[in-house]
There are 2 protein chains.
Amino acid sequence: MASGRKKLFDEKTALNAAMNVFWQKGYVGASLTDLTTRMGINKPSMYSAFGNKEALFIKATQCYIETKLTPHVELLFQEGIPLKQRLKNHMMSIVTMQCDPEQAKGCFLTFCQSELVSGDIPEKAEQLLKEADLIPLQMYCKLFEDDEESITLELNKNSQANALSLYTFLKGTASMARSGIDKSQLEYGLNAIIEGIKIH
Amino acid sequence: MASGRKKLFDEKTALNAAMNVFWQKGYVGASLTDLTTRMGINKPSMYSAFGNKEALFIKATQCYIETKLTPHVELLFQEGIPLKQRLKNHMMSIVTMQCDPEQAKGCFLTFCQSELVSGDIPEKAEQLLKEADLIPLQMYCKLFEDDEESITLELNKNSQANALSLYTFLKGTASMARSGIDKSQLEYGLNAIIEGIKIH
DNA sequence: GACATATTGTACCTAGCGGTATAGTTTTGG
DNA sequence: CCAAAACTATACCGCTAGGTACAATATGTC
């Protein structure tokens, strides 16, 4: 069997570039020209590799979850570290990412989620965003419910309220980072809030 | 002098409709067709009354500030009411608005602010959004610095941190409301946080 | 080296965008 | 009752959107 011409671009690199464009401009705001230019390929290559704009967006979102969200969640469940310190590590690394000058400010999921209200986002993308956006909240619930230290501190009794507080803070920093407030100020506020938690 | 045909639409009503469209879809996502349809007029009427899309957006943003933001800010400075209660009133009325099923979910300013990163928003609109988005933060600073009760409680010594905490929470609820989390849950978390403030 | 296969570049499709020219309609002053 | 002024409706402008047809270019197998 003949095997044809080799691909001149790396799919993962291109997908990563697409992720950054969506992160910056959202689903509606990112045009195919924006995307393919930053991916370094032209339209037919993109369509043959990824399908269409929606499919590309879905893969970009999954890429974000795997490379940008999951690592921060893991910090919450690291063994041998006090709960409060784990929360701090988690939040600090998120804030650092959300203020990274090499990437779009803020959180991909939070931004694209906010586009859903327009009603102009395709169905599968909408579903994925809705699910993905809840991941941190679920992780916080799980943390406060199951964690040893959380149980001894009886934080599990208010697991829902604690999780919601943390989630609110996560969303708040995402929004503030997006609007360009600098990292030092976010860390300042972050410390105040983590200390204020009645660990709580 | 002859005075011409009378306008068949009310400018304020039309502007209010435009505000709601931008609130729902953002600057980029709101097309002239979306806008003029919901305003109940056609394009030439819109252009003669408001100028162009950017000018309409600016007027819609000012309309939001006057009708949707200012009233909530005033609750912070009401006389004869304890500080904590004023904060609660303020936040409760904001949450109620952000979850109002008659309007787009969340906060107009927070959503449109997040579009700025794209670099596709005209300059004057960008400036206005940046200024407007900081209004609540400035009001919080002023409150913690000047308020009698804040001074006796020595909250003014950490006015910046207190203001930032509150602002983070404001942004967080805006984002969560936008993603469709229901009012009862936001109020639940809200109470926990206000109580947790050392008033603070 | 010829052929099948896969990728690439160009050029194009229709639809919708923001914006406008122009013709028609209603109003009032003289 | 007519003309000037203001508003409305239609139809259109150039441009870009998402998406694709097709020819040109590499790659491998026989």
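Reminder, nothing fancy here: chain letters follow the sequence lines and each chain counts from 1.
Pairs of residues two or more places apart, or lying in two chains, that qualify as salt bridge (charged side-chain N to carboxylate O under 4.0 Å, His left out) and include a residue from residues 165-180 of chain A are A:Asp133-A:Lys171.
Between A:Met46 atom CE and D:dA17 atom C1' the separation is 14 Å, expressed in whole Å.
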Only pairs under 3.5 Å count here: list side-chain donor-acceptor contacts from residues 59-70 of chain B, not counting sequence neighbours, and write none if there are none.
unit_1, atom_1, unit_2, atom_2, d
B:Thr61, OG1, B:Phe57, O, 2.8
B:Thr67, OG1, B:Cys63, O, 2.8
B:Thr70, OG1, B:Ile65, O, 2.9

Do any side-chain atoms of residues 116-127 of chain B form donor-acceptor pairs under 3.5 angstrom with protein atoms, and if so which ones, sequence neighbours left out?
unit_1, atom_1, unit_2, atom_2, d
B:Ser118, OG, B:Glu115, O, 2.8
B:Ser118, OG, B:Asp120, N, 3.1
B:Asp120, OD1, A:Lys25, NZ, 3.4
B:Asp120, OD2, A:Lys25, NZ, 3.1
B:Glu126, OE2, B:Lys130, NZ, 3.1

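A search for salt bridge (Lys or Arg N to Asp or Glu O under 4.0 Å) contacts involving A:Lys105 returns nothing, not counting sequence neighbours. Annotation: salt bridge (Lys or Arg N to Asp or Glu O under 4.0 Å) contacts of B:Lys7 (sequence neighbours excluded): B:Glu11. Qualifying side chain to side chain donor-acceptor pair (under 3.5 Å) partners for B:Asp100, counting only residues two or more places apart in sequence or in other chains: none. Among residues two or more places apart in sequence or in another chain, the salt bridge (Lys or Arg N to Asp or Glu O under 4.0 Å) test is passed with B:Arg38 by none.
The aromatic rings of A:Phe22 and A:Tyr27 sit parallel to each other, their planes meeting at less than 30°, with 60° as the upper class boundary.
The side chain of A:Leu8 sits closest to C:dT8 out of D:dT27, C:dG18, C:dT8.
Residues from residues 18-45 of chain A with heavy atoms under 4.0 angstrom of DNA chain C, sorted by number: A:Asn42, A:Pro44, A:Ser45.
Counting atom types as modelled, A:Arg5 pairs a side-chain N or O with a base atom of D:dT25 as donor and acceptor under 3.5 Å.
Each of A:Lys7 and B:Tyr47 was matched to the nucleotide of DNA chain C holding its nearest heavy atom; the match closer to the 5' end belongs to A:Lys7.
Stem regions for DNA chain D, each three or more consecutive Watson-Crick or G-U pairs with both distances under 3.5 Å and listed by first number, read C:1-30 with D:1-30.
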